[in-house]
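All values below come from the heavy atoms of this structure, side chains included, with hydrogens, waters and symmetry mates left out.
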Amino acid sequence: MFKACAVVPVYNHEGAIGAVARRLLAHGLHCVLVDDGSTAPCARVLDDIAAAHPGRVTLVRLAVNGGKGAAVMAGIARATELGYSHVLQIDADGQHDTADVPRFLERGAAQPDAVICGCPVYDDSVPKARLYGRYATHIWVWINTLSFDIKDSMCGFRIYPVGAINALAARTRLGRRMNFDTDVLVRLHWQGVKIVNQPTRVRYPEDGVSHFLVWRDNLLISAMHTALFFGMLPRIPMLLARKWRRR
């Protein structure tokens with residue numbers, strides 16, 4: 001079965017979330033918007049979107065800001081309650097090209113047991129420091145999976161099978177902030193979930209809002225890579241056997 005909705009974590013993106021929601025609704029997706037403890041201006045915008053689209057938008061409100069991972073998992077929990085088998089996660093800041101949504105949905109329907117993971121195709125708006133900095137994470141992910149199966153673990157545009165991610169979350173504490181996207185993808189890969197890399201255009205709007213906190217989030221990401229590395233070590237025989245079977 002493939003029945004997908006969109007899950008959008010939102011934290012003070014009042015300037016962009018309206019357009020993102022409209023574009024997702026235009027593709028026929030039910031939208032679960034997760035207010036991750038936003039301030040009053042953004043909360044009002046989310047209320048207005050939900051009121052304008054009854055039955056098509058579900059608003060989940062977190063009392064305090066818990067981070068991207070916490071917001072995504074809250075959205076997945078609500079999607080599970082609503083009976084969806086898959087969620088399309090997309091960021092609220094407008095950097096992802098929603099014109100690619102049909103391609104993600106088509107691949108998700110064709111491979112319902114897989115994660116369809118966005119692989120960014122950048123234009124000239126990408127900050128060079130951010131572009132080059134991603135490669136440190138790419139290298140650690142390739143080490144921690146002993147493979148090149150995951151082309152980019154940091155893109156916030158992807159489709160998850162709800163059953164697989166709920167089962168993982170039930171037995172593992174996942175990253176709750178900016179460490180979520182990479183953490184969950186590596187751990188799903190360890191569990192044997194196939195990763196399908198879907199190229200998608202990404203742009204960085206000049207007026208875009210980023211909530212990446214350099215010291216805190218880099219520390220969390222470093223701790224995550226360390227934990228994944230030591231988690232990978234006892235899995236080496238299994239990961240190597242998997243590579244051998246694919247030959």
Original post:
salt bridge (charged side-chain N to carboxylate O under 4.0 Å, His left out) between Arg78 and Glu81: does it pass, once the steps are laid out?
Top reply: CA-CA 5 Å; Arg78 182 58 58 88; Glu81 294 171 358; 3.1 Å; yes
Original post:
Excluding sequence neighbours, so at least two apart, what forms ring pair (Phe, Tyr, Trp, His ring centres under 6.0 Å) with His86?
Top reply: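 For His86 the ring pair (Phe, Tyr, Trp, His ring centres under 6.0 Å) partners, ignoring immediate neighbours, are Phe2.
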Same cluster (ILVMFWY, side-chain, under 4.5 Å), [X] and [Y]:
| X | Y | answer |
| --- | --- | --- |
| Leu105 | Ile165 | no |
| Val8 | Val101 | yes |
| Leu33 | Leu88 | yes |
| Met224 | Val115 | yes |
| Leu228 | Phe230 | yes |

For a quick test of reading the model, state the closest non-hydrogen atom pair linking [X] to [Y] and the distance between them.
| X | Y | result |
| --- | --- | --- |
| Ala164 | Val193 | CB-CG2, 4.2 Å |
| Ala16 | Gly94 | CB-N, 4.4 Å |
| Ala92 | Val10 | CB-CG2, 4.0 Å |
| Lys151 | Trp142 | O-CZ2, 4.4 Å |
| Leu29 | Ala6 | CD1-CB, 4.2 Å |
| Trp190 | Asn144 | NE1-O, 2.9 Å |

I'd like to check [X] versus [Y] (side-chain heavy atoms, cut-off strictly below 4.5 Å). Are they in contact?
| X | Y | answer |
| --- | --- | --- |
| Tyr160 | Val7 | no |
| Leu185 | Cys117 | yes |
| Asp152 | Asn197 | no |
| Phe229 | Thr226 | no |
| Val32 | Tyr84 | no |
| Pro41 | Val45 | no |
| Cys31 | His53 | no |
| Thr145 | Met232 | no |

Original post:
Is the shortest side-chain N to carboxylate O distance from Arg242 to Asp149 below 4.0 Å?
Top reply: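 No salt bridge links Arg242 with Asp149.
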**OP:** With Lys68 as reference, evaluate Asp181, Asp36, Asp93 under the salt bridge (charged side-chain N to carboxylate O under 4.0 Å, His left out) test and give the passing residue.
**Re:** Asp181
Original post:
More than 12 foreign heavy atoms under 6.0 Å from CZ of Arg171: is that the case here?
Top reply: yes
**OP:** Using a cut-off of 6.0 Å, state whether more than 12 heavy atoms not belonging to Arg235 lie near its atom CZ.
**Re:** yes
Tell me if a side-chain donor or acceptor on [X] pairs with a main-chain N or O of [Y] at a distance below 3.5 Å.
| X | Y | answer |
| --- | --- | --- |
| Asp100 | Thr200 | no |
| Ser38 | Ala43 | no |
| His27 | Leu25 | no |

[X] side, atom [atom1]; [Y] side, atom [atom2] - distance, nearest 0.5 Å:
| X | Y | atom1 | atom2 | result |
| --- | --- | --- | --- | --- |
| His225 | Ile139 | NE2 | CD1 | 10.0 Å |
| Ile221 | Thr137 | CD1 | OG1 | 5.5 Å |
| Met73 | Arg176 | CE | CZ | 9.5 Å |
| Glu106 | Gln111 | CD | CD | 11.0 Å |
| His96 | Asp91 | NE2 | CG | 3.5 Å |
| Ile195 | Arg158 | CD1 | CZ | 8.0 Å |

**OP:** Show your reasoning for whether side-chain contact (heavy atoms from CB on, under 4.5 Å) applies to Tyr11 and Val34.
**Re:** CA-CA 8 Å; Tyr11 180 55; Val34 184; over 6 Å; no
**OP:** Take Val186 and Val141, measure what side-chain contact (heavy atoms from CB on, under 4.5 Å) needs, and give me the verdict at the end.
**Re:** CA-CA 7 Å; Val186 170; Val141 167; 4.1 Å; yes
**OP:** Might you work through the salt bridge (charged side-chain N to carboxylate O under 4.0 Å, His left out) test for Asp47 and Arg61, ending with a clear yes or no?
**Re:** CA-CA 10 Å; Asp47 286 336; Arg61 180 151 279 146; 2.9 Å; yes
